[in-house]
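These notes concern the structure reproduced below.
Start at 1 with the first residue, then count along the sequence. All values below were derived from every heavy atom in this structure, side-chain atoms included, with hydrogens, water molecules and symmetry-related copies excluded.
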Amino acid sequence: MQADPSVVRDMLRHCMVARIATLSRAGRPSVTPLYFVVLDDHIWLGTVDWTLAARNVRSDQRASILFAVEQEPASHHVLRITGHARVRTDPQAQRAYRLRVACKYVFTPGAIRNVLTHLWLLPLRRAYHAQAAQQGQPCVIEVSPEQVELLNDEMFS
């Protein structure tokens with residue numbers, strides 16, 4: 001079912017995690033959950049260049065992204081956006097992505113409350129980010145939408 005643009009915007013605003021489906025060079029599918037932001041009608045997902053998602057996008061630019069509103073478990077809708085993806089490692093993309101991620105995931109009342117509640121996790125987060133930085137270069141997977149569909153529970157039964 002084609003999705004109403006206002007429904008799409010609302011779902012993207014409320015979703016916190018995107019699940020990107022990519023294909024390996026051999027055609028093997030993979031689904032990876034990632035944080036995301038919307039920028040200039042493109043979906044930007046943050047990762048590191050050595051991850052399976054980034055490697056797959058480099059070998060096959062076709063991608064689908066699934067969005068479900070986690071805070072509304074009674075909702076039976078999933079948004080699927082299909083399009084072409086590319087891996088971006090340029091500094092401009094990194095800055096734009098980090099700024100929007102901070103606004104979406106860090107500088108909100110719920111996020112600040114979550115950080116304060118889980119202060120004991122900060123050393124683990126720092127260690128994770130330091131290790132990821134040593135193992136590869138941060139990148140953004142930019143998906144240019146070609147098809148937008150709203151799926152409902154009837155399609156899964």
Side-chain angles (χ1 to χ4, degrees), residues 1-111 114 125 128-129 132-133 135-157:
M1 162 171 60
Q2 286 293 67
D4 180 291
S6 64
V7 172
V8 171
R9 281 190 300 276
D10 188 56
M11 283 191 76
L12 291 174
R13 188 172 35 256
H14 289 95
C15 288
M16 299 305 286
V17 176
R19 287 155 184 84
I20 183 168
T22 58
L23 292 170
S24 72
R25 192 176 315 243
R28 181 171 289 140
S30 173
V31 176
T32 307
L34 296 170
Y35 286 151
F36 76 97
V37 295
V38 178
L39 181 62
D40 298 330
D41 294 328
H42 293 88
I43 309 298
W44 287 28
L45 304 108
T47 189
V48 180
D49 63 354
W50 57 264
T51 61
L52 185 58
R55 291 191 323 251
N56 283 353
V57 166
R58 283 197 173 104
S59 66
D60 189 329
Q61 292 185 335
R62 294 175 294 171
S64 288
I65 310 171
L66 299 176
F67 302 90
V69 179
E70 297 87 358
Q71 298 91 342
E72 297 176 21
S75 173
H76 299 287
H77 290 90
V78 173
L79 179 66
R80 178 172 57 196
I81 295 179
T82 304
H84 280 80
R86 67 181 179 139
V87 175
R88 295 187 58 179
T89 56
D90 56 289
Q92 298 88 344
Q94 296 304 308
R95 277 193 299 277
Y97 176 76
R98 283 193 304 266
L99 174 65
R100 282 161 181 81
V101 162
C103 291
K104 180 174 182 175
Y105 295 99
V106 179
F107 300 122
T108 65
N114 185 48
R125 288 182 184 156
Y128 169 79
H129 289 291
Q135 293 180 352
Q137 182 177 10
C139 68
V140 173
I141 298 174
E142 178 183 24
V143 179
S144 303
E146 295 174 353
Q147 184 175 11
V148 179
E149 303 169 280
L150 189 60
L151 311 175
N152 59 36
D153 61 348
E154 294 169 5
M155 300 185 89
F156 302 109
S157 51

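- Across every non-hydrogen atom of Arg25 and Ser59, the tightest pair is N-OG, 3.5 Å.
- With rounding to the nearest 0.5 Å, the separation of CD in Glu149 from CG in Leu66 is 10.0 Å.
- By the 4.5 Å heavy-atom criterion applied to side chains, Thr47 and Ile20 are not counted as neighbours.
- For the side chain to side chain donor-acceptor pair (under 3.5 Å) test with Ser144, the passing option among His42, Arg86, His84, Gln61 is His42; the others fail.
- Each of Phe67, Tyr105, Trp44 was compared with Phe36 under the ring pair (Phe, Tyr, Trp, His ring centres under 6.0 Å) criterion, and only Phe67 meets it.
- His14 approaches Val69 most closely through the heavy-atom pair CB-CG1, 4.0 Å.
- Between Val38 and Arg100, the shortest heavy-atom contact is O-CD, 4.4 Å.
- With hydrogens and angles ignored, the 3.5 Å screen pairs a side-chain donor or acceptor of Asp49 with a backbone N or O of Gln137.
- Each of Asn56, Thr32, Asp60 was compared with Thr22 under the side chain to side chain donor-acceptor pair (under 3.5 Å) criterion, and only Asn56 meets it.
- Interatomic distance, Ile43 CD1 to Leu34 CG, rounded to the nearest 0.5 Å: 12.5 Å.
- Remark: Thr82 OG1 to Ile65 CD1 distance equals 8.5 Å, nearest 0.5 Å.
- Heavy-atom minimum distance, Val37 versus Lys104: CG1-CD, 4.4 Å.
- The CD1 atom of Ile141 lies 13.0 Å from the CZ atom of Arg88; values are rounded to the nearest 0.5 Å.
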Quick one: do Met11 and Leu150 satisfy side-chain contact (heavy atoms from CB on, under 4.5 Å)? Show the steps, please. CA-CA 10 Å; Met11 283 191 76; Leu150 189 60; 3.6 Å; yes
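- Atoms CD and CD1, on Glu146 and Ile81 in that order, are 12.0 Å from each other to the nearest 0.5 Å.
- Across all their heavy atoms, Val48 and Ala54 have their closest contact at O-CB, 3.7 Å.
- Nearest heavy atoms, Pro145 versus Asp41: CD-O, 3.3 Å.
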